[in-house]
Visitor: 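Below is one structure. I have some questions about it.
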Amino acid sequence: MEPFLKKFFPEVYRKMKVDTKISNYCKFDSQLLTSFTSSLYIAGLVATFFASSVTKVFGRKPSILTGGAAFLAGSALGGAAFNVYMLIFGRILLGIGVGFVNQSVPLYLSEMAPPRYRGAINNGFQFSIGIGALVANLINFGTEKIEGGWGWRISLAMAGVPASILTLGALFLPETPSSLIQSSSDHDKAKQLLQRVRGTTDVEAELEDLIKARSISKTIKHPFKKIIQRKYRPQLVMAIAIPFFQQVTGINVIAFYATLLFRTIGIGECASLLSSVVTGVIGAGSTFISMLIVDKFGRRALFMVGGIQMLISQILIGGIMATQLGDHGTVSQGYAYLIIILICIYVAGFGWSWGPLGWLVPSEIYQLEIRSAGQSITVAVSFIFTFIVAQTFLSMLCHLKAGIFFFFGGWVIVMTAFVYYLLPETKNVPIEQMENVWKEHWFWAGIAGEEDEKIKIQGV
């Protein structure tokens, strides 16, 4: 919004409105502006390691409550900001909330869900993020029209509404059976909860798996040291690779800077915000589709289809911008609409593949003894590369211009090949038996099953 830029980022506002000599690709190149965006992710990176301890020692519920409280404080500070320091500090508090919630909620969903529905339920996490992004874009579109130029305050403060729902709702959540068994020797409470959430009294097999996993995890004093052992190498690789690849799809180019990108190609302020609403609808809708089909078609198939779809759309967007958009002026209206359509195709591909699956797969592949550590590594890597992309994108756009889309497209090729060769299928596998998929995989079997081979040899 122009009043927001004028108040907090006047240099960006001046380049956008006054400086006619600057390149289209460089109008928004401001380290202060990117610091506002990316400060959230540095805060989240630090917070997730604290969240790991809270989640493991006190349970998933307290971690969710902590995140909700941080969201409330951050939204209040952002809405009341009168200088850029308050604005950024509010973002930092929001980042703390993201760090705690991203660490605990996917684990909570995976541990509570029946194996046959785990993909759909966990994908609800990304679907809700998509709904949140859509609602945020609708709020931005509506508040931009408020006379007096203070609509941005409502936009930022409205984050307090979902924060309140999250915090109050978490008070009524039960702890997960895994967490109850991990923190207490009273297995009856965990058994009763399992019976309630599974809708059957026949839960002995799952309870035994949980108790066995807990007995193993109790012997682990330092899960971060444990996860670097050779037998956990497949999980560690995925904990790092999947969130890394999720960020270098280029989705955050769209998520953070869609309106700026649309304005780069010559679409006005109001139309840019409306275009972001459209991409938000596409993103939420495609994630909902993923919820419906992920447990039928599996994780690998969606990864592959989504990767190919994103690659094609990125190549076409880059090609159009390279040939039609110069350093000055705009593309024609027809090409502008075509770029929006291609961005929607790209967002749809991400929405049913790397968006939800980037959180689903890491949350379901860890044994209990390394689960909180593995999830923290996943969230931390995600935040590190989200920060890097957010902090560097506007400068990269200025220097690489249309080539930015070919840059991210190259990474999509790499990550699609990675999934094809190295990621086993995990659909319908009980979470406490997940280690078996690595022992049966053509590449990981020699690593994940190495300890079992040693035990057999010693037994002989």
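Quick note: numbers below take in every heavy atom, side chains included, and nothing from hydrogens, waters or symmetry partners.
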Visitor: Does the side chain of Ser382 come under 3.5 Å of the side chain of Gln247 through a donor N or O and an acceptor N or O?
Guide: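 Yes.
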Visitor: Is a side-chain N or O of Gln309 found less than 3.5 angstrom from the main chain of Ile345, in a donor-acceptor match?
Guide: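 Confirmed, Gln309 side chain pairs with Ile345 backbone.
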Visitor: Do the side chain of Asn122 and the main chain of Pro106 share a donor and acceptor less than 3.5 angstrom apart?
Guide: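 Yes, because the side chain of Asn122 sits within donor-acceptor range (under 3.5 Å) of the backbone of Pro106.
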Visitor: Donor-acceptor check, side chain of Thr249 to backbone of Gln246, threshold 3.5 angstrom: yes or no?
Guide: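 Checked: pair present.
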Visitor: Would you find more than 12 non-hydrogen atoms of other residues, nucleotides or ligands less than 6.0 Å from Phe224 atom CZ?
Guide: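 Counting other residues, nucleotides and ligands, CZ of Phe224 exceeds 12 neighbours.
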Visitor: Assess whether atom CZ of Arg196 is packed by more than 12 heavy atoms of other residues, nucleotides or ligands within 6.0 Å.
Guide: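 12 or below, so no.
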Visitor: Check for a donor-acceptor pair, side chain of Arg118 on one end and backbone N or O of Val429 on the other, with a separation under 3.5 Å.
Guide: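 Judged by distance alone, yes, a pair lies under 3.5 Å.
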Visitor: Please confirm whether the backbone N or O of Tyr366 pairs with a side-chain atom of Arg371, one donor and one acceptor, at under 3.5 Å?
Guide: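 A pair under 3.5 Å: yes.
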Visitor: Would you say that Met238 contacts Pro362 through its side chain, given a criterion of any heavy-atom pair below 4.5 Å between the two side chains?
Guide: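 A side-chain contact is absent here, since even the closest heavy-atom pair is not under 4.5 Å.
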Visitor: So, the side chain of Gln375 versus the backbone of Asn102: is there a donor-acceptor pair under 3.5 Å, distance only?
Guide: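 Checking the backbone N and O of Asn102 against the side chain of Gln375, a donor-acceptor pair under 3.5 Å is found.
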Visitor: In terms of the angle between their ring planes, are Phe244 and Phe385 parallel, tilted or perpendicular, with boundaries placed at 30° and 60°?
Guide: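 The rings of Phe244 and Phe385 stand perpendicular, inter-plane angle above 60°.
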Visitor: Could you pull out the closest heavy-atom pair between Gly90 and Leu77, with the gap in Å?
Guide: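 So the minimum-distance heavy-atom pair works out to N-CD2, 3.5 Å.
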Visitor: Would you say CG of Asp202 has more than 12 non-hydrogen atoms from neighbouring residues, nucleotides or ligands within 6.0 angstrom?
Guide: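 Open.
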Visitor: Indicate yes or no: at least one non-hydrogen side-chain atom of Arg60 is less than 4.5 angstrom from one of Met112.
Guide: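 Counting from C-beta outward, Arg60 and Met112 never come under 4.5 Å.
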Visitor: Once rounded to the nearest 0.5 Å, what's the spacing between atom CD1 of Ile343 and atom OG1 of Thr279?
Guide: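 That separation rounds to 7.5 Å.
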Visitor: Kindly compute the distance separating CG (Leu107) from CZ (Phe125), expressed to the nearest 0.5 Å.
Guide: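 Answer for the CG-CZ pair, Leu107 versus Phe125, is 10.0 Å.
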Visitor: Would you say the side chain of Ile251 lies within less than 4.5 Å of the side chain of Phe408, judging by non-hydrogen atoms?
Guide: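 The answer is no, as the side chains (C-beta and beyond) never meet within the 4.5 Å cut-off.
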Visitor: Please say which of Phe4, Tyr41, Phe8 ends up in a ring-ring contact (aromatic ring centres under 6.0 Å, His included) with Phe36.
Guide: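 Result: among Phe4, Tyr41, Phe8, Phe4 is the only option passing the ring-ring contact (aromatic ring centres under 6.0 Å, His included) with Phe36.
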Visitor: Got a sec: does the CZ of Phe58 have more than 12 other heavy atoms crowding it under 6.0 Å?
Guide: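 No, because the 6.0 Å sphere around CZ of Phe58 holds 12 heavy atoms or fewer from other groups.
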Visitor: Should the heavy atoms of other residues, nucleotides or ligands under 6.0 Å from CZ of Phe49 be counted, would the total exceed 12?
Guide: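 More than 12 heavy atoms, drawn from other residues, nucleotides or ligands, come within 6.0 Å of this atom.
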Visitor: Where is the tightest heavy-atom contact between Arg153 and Ala80, given as atom of each residue plus distance?
Guide: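 Arg153 and Ala80 have their closest heavy atoms at NH1-C, 3.2 Å.
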Visitor: Measure the CD1-CD1 distance between Ile377 and Ile242 for me, rounded to the nearest 0.5 Å.
Guide: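 Output value for this atom pair is 13.0 Å.
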Visitor: Check for a donor-acceptor pair, side chain of Trp438 on one end and backbone N or O of Pro424 on the other, with a separation under 3.5 Å.
Guide: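 No, because the side chain of Trp438 does not come within donor-acceptor range (under 3.5 Å) of the backbone of Pro424.
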Visitor: Is a donor on one side and an acceptor on the other found under 3.5 Å between the side chain of Thr416 and the backbone of Val412?
Guide: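 Side chain of Thr416 to backbone of Val412, a donor-acceptor pair under 3.5 Å: yes, one is there.
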Visitor: Would a distance-only check, ignoring hydrogens and angles, find a side-chain to backbone donor-acceptor pair under 3.5 Å from Glu425 to Lys427?
Guide: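 A pair under 3.5 Å: yes.
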Visitor: Might you point out which heavy atoms bring Ser290 and Leu302 nearest each other, and give the distance in Å?
Guide: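 Taking every non-hydrogen atom into account, OG-CD1, 3.8 Å.
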Visitor: Can any side-chain N or O of Arg300 pair as donor or acceptor with the backbone N or O of Val419 at less than 3.5 Å?
Guide: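 Between the backbone of Val419 and the side chain of Arg300 there is a qualifying donor-acceptor contact (under 3.5 Å).
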Visitor: Give a yes or no on this: more than 12 heavy atoms of other residues, nucleotides or ligands lie within 6.0 Å of atom NZ of Lys191.
Guide: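 Incorrect, the count does not exceed 12.
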